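The structure displayed is predicted, hence computed values, not measured ones. Whatever order the structure lists ligands and atoms in, that order sets their numbers, starting from 1.
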Amino acid sequence: MRTSEGIRRMVRETRLSVDDFILPVFTVPGKGVKKPIESMPGHFHLSTDLLVQECKKARDLGIPAVILFGVPEKKNALATQAYAKDGVVQRAVSEIRNKVPGLTIITDVCLCQYTDHGHCGFVEKGRVDNDASLDLLAKTAVSHAKAGAHMVAPSDMMDGRVGEIRQTLDEESLSEVAIMAYSAKYCSAFYGPFRAAADSTPQFGDRSTYQMDPANVREAIREVTLDVEEGADIVMVKPALSYLDVIRTVADEVDLPVAAYNVSGEYSMIHAAAQRGWLDLERTMMEVLTSIRRAGADMILTYFALEAARVLEKKNG
Ligand code: PBG
């Protein structure tokens, strides 16, 4: 069954398509800013004007959606820039919505880029206060939705935030805005390059009191089930590569679409090895993305989206 490319194509069980990809992008204040993120070749801090160009590139390659991360100028205890009407993400969303029709806009909803301590929630007396964080997260989600986001993606891992966000969106007549929940988000070392890029490294402690223990898989089902009950439309497993078993388990257990986040460290390590000539970038990238789909992910958030879309375009003529 492997003797010719025709037969191999006929019996292939998993196919990658550009429809599977969501491109993460980073946006900063200013004009004409395109600052390379050193550990993530091909990725940049982009001001809104140049972000629009990047989004057009994605759309024209057929990528259905981008997920937006903001890197603000000012941070403070209440993360006010996270939900400011003229915040960096809010402005970028309305620009993309106007200038790049046809592209779906997802926003990452979290506080860690906006708090001076770098934690994903509100901190009091040196501890993350779960319940006090919910109101700020819901406000952030609503402000993104009002700016024009089609979907919000809470990545903070506070308990109860999906329900709070759903209820608040509905109260604000934003019931058509969907929620992609970072449901099984692990406390992972693979976020290193992202935190450097987003300037969101916690200034004390770590995220182990709210993100999941890498040793657990049954807990992932509990987390996912809670988010489904609270109104999530898509559930996510993150990271992807060290958690392919979790993706498979979640895909078997729930009947919602499952997303997997092929995170920054997974991207950087392949690029680093390729730069040294130790790995073939294109083949490794396509194998990794295929394995994430094979594990059961319906869609993949990946920094490889543009490169992989170009490979598929070439292949499909
Ligand atoms: C914010 C957030 C993080 C990522 C996505 N949203 C970082 C973190 O939890 O520290 C990681 C993305 C990546 O590594 O590519 N909470």
Side-chain angles (χ1 to χ4, degrees), residues 21-27 37-45 66-72 75 79 81-82 88-89 106-115 117-123 128 130 133 136-137 140-141 144 151-159 161-162 165 179-214 223 234-243 259-272 285 288-289 292 297 299-306:
F21 303 144
I22 298 168
L23 174 70
V25 288
F26 297 92
T27 184
I37 299 169
E38 220 180 301
S39 55
M40 300 172 68
H43 285 268
F44 305 87
H45 282 165
V66 293
I67 179 163
L68 217 64
F69 295 92
V71 187
K75 301 171 187 271
Q81 283 303 304
V88 60
V89 167
I106 309 171
T107 56
D108 181 84
V109 173
C110 198
L111 303 182
C112 61
Q113 288 111 280
Y114 305 90
T115 50
H117 45 70
H119 276 289
C120 302
F122 177 67
V123 166
V128 175
N130 185 95
S133 307
L136 301 181
L137 290 161
T140 303
H144 293 174
M151 193 182 290
V152 292
S155 68
D156 53 284
M157 285 298 275
M158 298 301 131
D159 288 341
R161 89 283 199 207
V162 172
I165 289 172
I179 300 177
M180 173 191 278
Y182 287 71
S183 301
K185 177 174 177 182
Y186 286 86
C187 188
S188 168
F190 286 100
Y191 308 150
F194 173 96
R195 289 185 190 170
D199 189 20
S200 65
T201 308
Q203 297 304 300
F204 65 89
D206 58 26
R207 303 207 203 289
S208 55
T209 60
Y210 42 102
Q211 297 183 345
M212 281 184 54
D213 184 337
E223 287 284 359
I234 296 172
V235 293
M236 191 202 298
V237 176
K238 174 182 172 195
L241 288 186
S242 297
Y243 301 88
Y261 201 139
N262 176 215
V263 300
S264 57
E266 298 171 336
Y267 178 80
S268 299
M269 64 185 182
I270 291 174
H271 266 281
M285 164 179 81
V288 157
L289 294 171
I292 298 169
M299 62 196 91
I300 310 171
L301 297 90
T302 178
Y303 302 95
F304 287 120
L306 291 170

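- Looking only at distances, a side-chain donor or acceptor of R161 sits under 3.5 Å from a matching main-chain atom of P154.
- At a threshold of 4.5 Å between non-hydrogen side-chain atoms, the residues M158 and V128 count as touching.
- Shortest non-hydrogen contact noted between M157 and Y210 is CB-O, 3.5 Å.
- When each atom of ligand 1 is checked for a heavy atom of K185 under 4.0 Å away, the hits are 1 (C), 2 (C), 3 (C), 6 (N), 8 (C), 9 (O), 16 (N).
- Shortest contact from atom 4 (C) of ligand 1 to any protein heavy atom: K238 NZ, 2.5 Å.
- Here D108 has side-chain heavy atoms under 4.0 Å from ligand 1, and that is the only part of it that gets that close.
- Looking at ligand 1, you won't find any N or O of S200 less than 3.5 Å from one of its N or O atoms.
- Every N/O-N/O distance between Q113 and ligand 1 stays at or above 3.5 Å.
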Tell me which donor-acceptor pairs under 3.5 Å the side chains of residues 260-268 have, and how far apart each pair is, sequence neighbours excluded?
{"from": "Y261", "atom 1": "OH", "to": "Y303", "atom 2": "OH", "distance (Å)": "2.7"}
{"from": "N262", "atom 1": "OD1", "to": "T302", "atom 2": "OG1", "distance (Å)": "2.8"}
{"from": "N262", "atom 1": "ND2", "to": "E266", "atom 2": "OE1", "distance (Å)": "2.9"}
{"from": "S264", "atom 1": "OG", "to": "F190", "atom 2": "O", "distance (Å)": "3.3"}
{"from": "S264", "atom 1": "OG", "to": "F194", "atom 2": "N", "distance (Å)": "3.0"}
{"from": "E266", "atom 1": "OE1", "to": "V263", "atom 2": "N", "distance (Å)": "2.7"}
{"from": "E266", "atom 1": "OE2", "to": "A240", "atom 2": "N", "distance (Å)": "3.2"}
{"from": "E266", "atom 1": "OE2", "to": "L241", "atom 2": "N", "distance (Å)": "2.7"}
{"from": "Y267", "atom 1": "OH", "to": "P41", "atom 2": "O", "distance (Å)": "2.3"}
{"from": "Y267", "atom 1": "OH", "to": "H271", "atom 2": "NE2", "distance (Å)": "3.2"}
{"from": "S268", "atom 1": "OG", "to": "S39", "atom 2": "O", "distance (Å)": "2.7"}
{"from": "S268", "atom 1": "OG", "to": "S264", "atom 2": "O", "distance (Å)": "3.1"}

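- Residue S155 has at least one heavy-atom neighbour below 4.0 Å for each of these atoms of ligand 1: 1 (C), 2 (C), 6 (N), 16 (N).
- At a 4.0 Å cut-off, at least one heavy atom of Q211 sits close enough to ligand 1 to count as contact.
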Query raised in the report: Which is it for K185 and E223 under the side-chain contact (heavy atoms from CB on, under 4.5 Å) test, yes or no, and what are the steps along the way?
Result: CA-CA 9 Å; K185 177 174 177 182; E223 287 284 359; over 6 Å; no

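- In this structure, K75 and D199 have side chains that are in contact, with non-hydrogen atoms separated by less than 4.5 Å.
- Listed by atom number, the atoms of ligand 1 under 4.0 Å from V263 heavy atoms are 13 (C), 14 (O), 15 (O).
- Distances below 4.0 Å separate heavy atoms of Y261 from the following atoms of ligand 1: 12 (C), 15 (O).
- In this structure, the protein non-hydrogen atom closest to atom 10 (O) of ligand 1 is R195 NE, 2.5 Å.
- The line from OG1 of T27 to CZ of F69 is 12.5 Å long, rounded to the nearest 0.5 Å.
- With respect to atom 15 (O) of ligand 1, the closest heavy atom belonging to the protein is Y303 OH, 2.6 Å.
- Taking every heavy atom of C112 and a limit of under 4.0 angstrom, the matching atoms of ligand 1 come to 1 (C), 16 (N).
- Both the backbone and the side chain of S264 come within 4.0 Å of ligand 1, judged by heavy-atom distances.
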Would you tabulate the side-chain donor-acceptor contacts of residues 106-114 under 3.5 Å, counting partners in other chains and residues two or more places apart, or write 'none'?
{"from": "T107", "atom 1": "OG1", "to": "H144", "atom 2": "ND1", "distance (Å)": "2.8"}
{"from": "D108", "atom 1": "OD1", "to": "S155", "atom 2": "OG", "distance (Å)": "3.0"}
{"from": "D108", "atom 1": "OD1", "to": "Y182", "atom 2": "OH", "distance (Å)": "2.7"}
{"from": "D108", "atom 1": "OD2", "to": "S155", "atom 2": "OG", "distance (Å)": "3.2"}
{"from": "Q113", "atom 1": "NE2", "to": "G70", "atom 2": "O", "distance (Å)": "3.1"}

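- S208 contributes no side-chain N or O that, together with a main-chain N or O of D206, makes up a donor-acceptor pair within less than 3.5 Å.
- In this structure, R207 counts as a contact residue of ligand 1, since one of its heavy atoms falls inside 4.0 Å of the ligand.
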